[in-house]
Amino acid sequence: TAKNLKGNRGMLIVLEGLDRAGKTTQCQLLYEKLTKKLGTDKVRVQKVPDRSTQIGQAINSYLISQTHLPDQAIHLLFSANRWELRDSILSSLAAGQTLILDRYVPSGVAYSLAKEVPSMTLEWCLAPDLGLPQPDVTIFLDIDPDRAKLQTARADFGRERYEVSDFQAKVRKNFKTLLGDGANPGALRMGKVVTIDACQELDEVANCIWIAIKDLHIGEKEIEIIQ
Ligand code: DGP
Ligand code: NA
Ligand code: NA
């Protein structure tokens, strides 16, 4: 297993899910496990959106309802924020550093589609992200939005724009359509896709994630792009 994880390039791992599904905690736990195996300089976590850039700050203002933007404009800003990360994603992988992304393209499509703006079709939503690096594995932490709301980890839930149960239920449905649900393949190609029940205990979820990635063979395979 250690050998598989030590391929020529790093692995691109994406964790996805609703607000409060436990992504950030699980990214940290996975980071710790992987660093034990690979070394601290061989693993990195990146939050997406990255709120530290100028575009990220514009996204943050929108999310905390300090600014208003048309749905199309904010959609494109989220995508631009991922494009800003592209070079650092690729250079990490090339340097043999495994990268864990806390959200990525599936969030981009799932959240915008949930707004149900007729002109913002799946094709329209995905278009600006075409050409970005494609993950090796995408882990969907699936949780019922009402259960997520009850989780105590984040007392500030509900403060941001999308943190409303009805909206989250639509996002969840979109994630399932986009990433696949059991036997049904998803509409997006995001590498190996694994859905995990995020209502389980933290350690149980962490175990499931580990099982999903530990035997992944990337070998000599170059990173693909989303098309
Ligand atoms: P987070 O920092 O992980 O809490 O994400 C911020 C919020 O923005 C969260 O409600 C999910 C949502 N979000 C993340 N990425 C995108 C995106 O690309 N498009 C849209 N519309 N929403 C996104
Ligand atoms: Na959030
Ligand atoms: Na995030």
Side-chain angles (χ1 to χ4, degrees), residues 4-5 11-27 29-30 46-49 75 78-79 82 89 93 98-117 120-148 162 165-200 204-219 221-227:
N4 298 340
L5 293 172
M11 251 199 293
L12 187 58
I13 302 170
V14 170
L15 264 68
E16 274 291 2
L18 297 182
D19 294 274
R20 282 215 144 179
K23 287 183 304 303
T24 304
T25 305
Q26 291 299 334
C27 282
L29 292 173
L30 180 58
Q46 173 69 60
K47 264 192 81 75
V48 185
H75 180 81
F78 272 111
S79 177
R82 287 186 284 276
I89 292 172
L93 301 180
T98 283
L99 187 53
I100 304 166
L101 300 180
D102 182 341
R103 295 193 188 277
Y104 195 49
V105 174
S107 279
V109 181
Y111 280 77
S112 285
L113 269 185
K115 295 179 174 181
E116 297 176 335
V117 175
M120 295 171 72
T121 59
L122 167 58
E123 197 186 16
W124 188 94
C125 288
L126 182 60
D129 280 356
L130 296 178
L132 284 169
Q134 180 176 292
D136 295 299
V137 57
T138 299
I139 312 273
F140 173 47
L141 298 182
D142 187 31
I143 195 166
D144 183 302
D146 294 323
R147 292 282 292 269
Y162 298 140
S165 285
D166 287 1
F167 188 80
Q168 296 279 321
K170 287 178 189 167
V171 175
R172 183 191 195 194
K173 199 166 141 262
N174 292 338
F175 271 131
K176 288 179 192 261
T177 308
L178 295 168
L179 296 174
D181 194 2
N184 307 312
L188 301 183
R189 259 170 300 166
M190 289 293 137
K192 174 185 172 182
V193 174
V194 180
T195 298
I196 293 172
D197 175 7
C199 289
Q200 303 173 91
E204 198 51 47
V205 176
N207 262 334
C208 292
I209 294 174
W210 189 246
I211 289 164
I213 65 136
K214 73 180 169 65
D215 291 324
L216 214 63
H217 294 259
I218 55 167
K221 194 167 76 73
E222 279 192 42
I223 196 80
E224 289 178 43
I225 63 163
I226 296 171
Q227 47 185 324

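In this text the structure is predicted, and so the values were computed from the model without any measurement.
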Exercise. List for me each residue that meets salt bridge (charged side-chain N to carboxylate O under 4.0 Å, His left out) alongside Glu204, sequence neighbours excluded, and say none if there are none.
Key: none

Quiz item: Looking at residues at least two apart in the chain, or sitting in another chain, which of them share a salt bridge (charged side-chain N to carboxylate O under 4.0 Å, His left out) with Glu116?
Solution: Lys170

Quiz prompt | Residue of the set Ile89, Asp102, Leu101 for which side chain to side chain contact (heavy atoms under 4.5 Å, CB included) holds with Gln46 | solution = Leu101

Self-check item: Main-chain N/O of Arg103 paired with Lys47 side-chain donor or acceptor, under 3.5 Å
Solution: no

Quiz item: So, the side chain of Ser165 versus the backbone of Asp146: is there a donor-acceptor pair under 3.5 Å, distance only?
Solution: no

Quiz item: So, Ser79 side chain and Pro128 main chain: donor-acceptor pair closer than 3.5 Å or not?
Solution: yes

Quiz prompt | Set of residues satisfying ring pair (Phe, Tyr, Trp, His ring centres under 6.0 Å) with respect to Phe78, sequence neighbours excluded | solution = none

Under 3.5 Å, sequence neighbours excluded: what are the donor-acceptor pairs made by side chains of residues 188-199?
residue	atom	partner	partner atom	Å
Arg189	NH2	Gln227	O	3.4
Lys192	NZ	Ala212	O	2.8
Asp197	OD1	Cys199	N	2.9

Quiz prompt | Lys173 atom NZ, neighbour heavy-atom count above 12 within 6.0 Å | solution = no

Quiz item: Mind checking whether Ile213 and Leu30 have side chains closer than 4.5 Å, heavy atoms only?
Solution: yes

Quiz item: Quick one: salt bridge (charged side-chain N to carboxylate O under 4.0 Å, His left out) partners of Asp142, sequence neighbours excluded?
Solution: Arg172, Lys176

Exercise. May I ask you to decide if Asp19's main-chain N or O and Gln168's side chain share a donor-acceptor pair within less than 3.5 Å?
Key: yes

Exercise. Could you list the residues that satisfy ring pair (Phe, Tyr, Trp, His ring centres under 6.0 Å) with Tyr104, not counting sequence neighbours?
Key: none

